Structures are given as structure tokens and as C-alpha cells.
Amino acid sequence: MVWFKRDLRVYDNPALTEAMKEGPVIAVYVLSHEQWDKHDVSPAQRALIVGQLHSLEKKLAELNVPLLVKVGDCFDSVPGTLARLIKEYSVTSLYFNREYEVNERRCESAVEQSVKLLGAEVFAFHDACMVVPGSVLSLKGEPYKVFSAFKKAFIAGYGFKARPVAYFPGSQPVIDVSSDLTELQCIGYDSEWLQQWPAGEAEAHDRLERFMDVASRDYKATRDIPGVPGTSQLSPYLAVGALSTTQCMTTALMANEGLLDGGNEGIACWINELIWREFYRHVLFHNPEVSMNQPLKKETDLLPWRNDQADFQRWCDGNTGFPIIDAAMKQLVTTGWMHNRLRMITAMFLTKNLFIDWRLGEQFFMRHLVDGDLASNNGGWQWCASTGVDAAPYFRIFNPVSQSKRFDPDGTFIRKFLPQLASLNAKDIHQPSLAQAKKLNYPEPMVNLSESAGRTKLLFKNLTQPTVPDEVRVG
DNA sequence: TATATGTTGAA
DNA sequence: TCAACATAT
């Protein structure tokens, strides 16, 4: 039996390939609303998972592998559900790919125990990383805390550490079990999202192929411009496992003469992003705090993060009075996705200008992102909040207006998501005057950027060097 | 994956 | 006047 999780694909799926070597296989997927709620899985991602399960059922059927979808109450019900199936179908061994989040690891251990008690064997594989997490260590045997050092070691070891692409399994003889997705039919989800983010491995592969063309020409120049669709947009497919990072890297390497660094500028730049994803997954593997709402830099939890509901709501709703922020938040809520440059700008604004707890922003993103992934989302937020490993230095605070002028120079992106500002010229659109704002019924800026950034710098500075600030020192 | 501010020197 | 550069946060 193969237990599917966030690896909803038949190509490059080590657990599936290995299981099918040994004998007749049935596939199972267990889901629960409560677990989705607890992990803040967005409606967009729920739809993509449901769609992907339907698509997976068809792909597996071509291999004569039946898929059983079981709906349980929560994580705790997973071992029992699997145990029931193991008894019902006289299963002798369970195959699955590992996950590294704390809850997922606990769940896997519980499953392993209960399966072994039944006398069945367990075979676990790695599919979510390009190299096994825990295998990229410094000479002192410690995990890397700085991306550039991690990248160097990752590249140096890639040749002998990289997980090979799992070969495509041949179909098995027809067995006397048929697919059963009836419990999946009862799962409520909003199928509208599937229009924007169609499910299916074929869709993911198409997008990868199309992107490689664009990447090699324009990625370096356009990847930071939210008004241009210059990024791969593959993250939703990576998040549900319709595609693996190994497949992405293999494709990129083929287009770059096997070079992990250098060669084609655009492709090398994208490979760098794939390594960031890998880095954050390794960081999550080594640091359980990532899965437990705690900062990697412990001392930053002493910062007096504000818990201002009204201000937080304005950020969520895109009513901050800063066009680039507001347009970005509209993009998130309406499309389930936000451009990476904008994720940094909005996160930096929430944490450094509004000084609101990064965890509120992290959760809001998870609740709306179709590509929500704990490791990547938490990594990005802790980078922006300066609470993580290799985080942005606390004094390097983005100015949303400067960023807007630099990365959305003619206001194309702002105009798309804030049509009320469409009439403003390229100069004014980044920061409408009070008169323009009033006329267009657009909110005034909710904070003074330099004052708020200055306060945050001071709070961080006092955290690391606790001294009386100059301003209140006498003499 | 920064920004604000101040200095310098060419025009 | 302003680009180029240095520097502090």
C-alpha cells in the first residue's frame, strides 16, 4: 500500500515506484477538515488538492492502481484509518514519502508504530528535498545558517547526494480493488479556484516546459517586476506535490549544460530560487521551532510586537493607503497568489512599519495562498521580520514607495488591482497626494514611513545592545 | 533582495 | 545640479 500525502503525482514518486517493484499496490489518501483548519490551508489550496486527487486517480488507473480517499476527523485518526485498511486488504507493507513538519513527523511515527504492531513492514522515502535533509552540514557537522554557505555546500555535494528522479513504474496486473472517491465527494470546496489554478500533473509539466523557454531569456530581468508574468508560477504545484523540486532542477540543468551556477543567467537565477526553497526546508528539518510558532532568533520574542486588530485588518483588506501594498493584498486575496517581490514588501511593511507580530502575517498568508507551504512561508516571514536564520538585517527596511517606483515603474501592477487609481500618472500612482486620494476615495497613508521604520530600528537595536537611547540620555 | 543622508567633484 | 560614492542604521 502507498500512502499519499503532499506528493500527489505518479512521475518521480519514490514511494510509488519502490512499492510497485514489490507487488500489487493500492494507494490511499487520508484527509480531514480539522487538520486543514488547524494548518490554515487556504480555500484555493483545498480546491487544488481535491482537483489533484481526481487527476491522480486517473493517472493511477492507467497503472491499474486503485486510489482510496478516506476522510477522517484529524491527524490522530490517520493511524487508525490506515490500520483498518491494512487489515481489510491484508496489506504486508506500507510505503510513503517523508514530511518534515513536527505534526507530520509525529503522525508518521504513530503510523509506523501501529503498522508494525499489525506485523506489516514500513518503507519511507525522501521526495520533498533534492538532497536528504540533514545531509548538508558544515565541516563542524552543523547545519548552515547562512544561505550562501548552504548553497556552496549544496552545489559541491549535489553530484553524489542528489536524489535521482524516480523512474516511471510499469503498470501492474488488474487487481480486485477499485478506486473509491466517494468520501471525497462529501468534502466541501470552492471549485472556482480550479479555473485559476487547474489541477493535474500534465498542467504542472506544461507550465514547467513553457517557463523554461521564458526563463532562459527573461527571468533575470523580469522576475522582480510584478506587472510582468516573469516567474514560474509553479509554487502551487510544488506545494501539493504535483511536481517535485527534483523534476524542476533536472529540467533546469538540462537547459543549462548541467551547470548549477553560471551558464545561462536566467536559468542560474531560477536554480538559485530552487536552492532557497531547499534551504528553508532544511532549516525547518533542523529547527522544530519553525513548526511551533517560535522565532529562530529567540531574543526577538522579547520585542513588543503590536497586536493592533484594527491596523492588522487594514493591512489584510488592502486599505493601508500605500498603493503597492494594497494592490498586492488584493492580488493575494483574489488570486490566491502573490508575486515574491510583493510578499517581501508587504511582510516588511507589516512587521517593520506597523510593527505587528510576523506570525499574524504568516497565518494570513497561509489562509489565502494557493501555494501555502510552512517551510517557505515561514522562511520568508522570518527573513522579513529579521527573526530567522540569515534574516534581513533589521535596519534594512524596505520603503514601499521606493520599492513601488523601482519594481512597478509605470504602475502597471497597481492599476490592475486598484482600478480606482488607474487614472493617476506613473509619477503620482505610487503615492497619491491627499487631494488625489480624497477625490478617488482612496485611504490616506496609515503610517509615517520614516517615523515608524525609525522606531522599529531603535527597538531592534536596544534588543541587541540594551542601552539608554541617545534621545533620552541627559548631558 | 535597502534607505537616508552627507560628501565630493565634474559640469 | 547631480551622479557617484561613503557611511550609519
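Lettering of chains follows the sequences in order, A, B, ..., and the numbering in each one begins at 1. As the structure is a computational prediction, the values presented were derived from the model and not from experiment.
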Donor/acceptor link under 3.5 angstrom from R341(A) side chain onto base of dT1(B): yes
K461(A) NZ to dA8(C) C1', in whole Å, measures 9 Å
Nearest-angstrom distance from the residue atom CG of L458(A) to P of dA8(C): 17 Å
Quick one: L459(A) CG to dT9(C) P, roughly how many Å, whole number? 16 Å
Under 6.0 Å between ring centres, would you say that holds for Y11(A) and H205(A)? yes
Roughly how many Å is it from OH in Y394(A) to P in dA8(C), rounded to a whole number? 13 Å
Any side-chain N or O of N399(A) less than 4.0 Å from the OP1 or OP2 oxygen of dA4(B)? yes
Using whole Å, what does the distance between atom P of nucleotide dT7(C) and atom CZ of R396(A) come to? 17 Å
Assess whether salt bridge (charged side-chain N to carboxylate O under 4.0 Å, His left out) is satisfied between D428(A) and K439(A), documenting all intermediate values. CA-CA 14 Å; D428(A) 296 335; K439(A) 193 173 141 212; over 6 Å; no
Residues forming a side-chain contact (heavy atoms from CB on, under 4.5 Å) with D224(A), sequence neighbours excluded: R341(A), F407(A)
What is the distance from CE of M344(A) to P of dA2(B), rounded to the nearest Å? 9 Å
What is the distance from CD1 of I324(A) to C1' of dT1(B), rounded to the nearest Å? 15 Å
Candidate nucleotides dT3(B), dT9(C), dT1(B), ranked by approach to the side chain of S402(A) - the nearest: dT3(B)
Q403(A) side-chain N/O to dT3(B) phosphate OP1/OP2 under 4.0 Å: yes
N353(A) has an atom CG; how far is it from atom C1' of dT3(B), in whole Å? 12 Å
Distance-only donor-acceptor hits, side chain of residues 253-268 of chain A, under 3.5 Å, sequence neighbours excluded:
from	atom 1	to	atom 2	distance (Å)
N256(A)	OD1	N264(A)	N	2.7
N256(A)	ND2	L259(A)	O	2.9
N256(A)	ND2	G262(A)	O	3.0
N264(A)	OD1	G266(A)	N	2.9
N264(A)	OD1	I267(A)	N	3.0
N264(A)	ND2	S216(A)	O	2.9

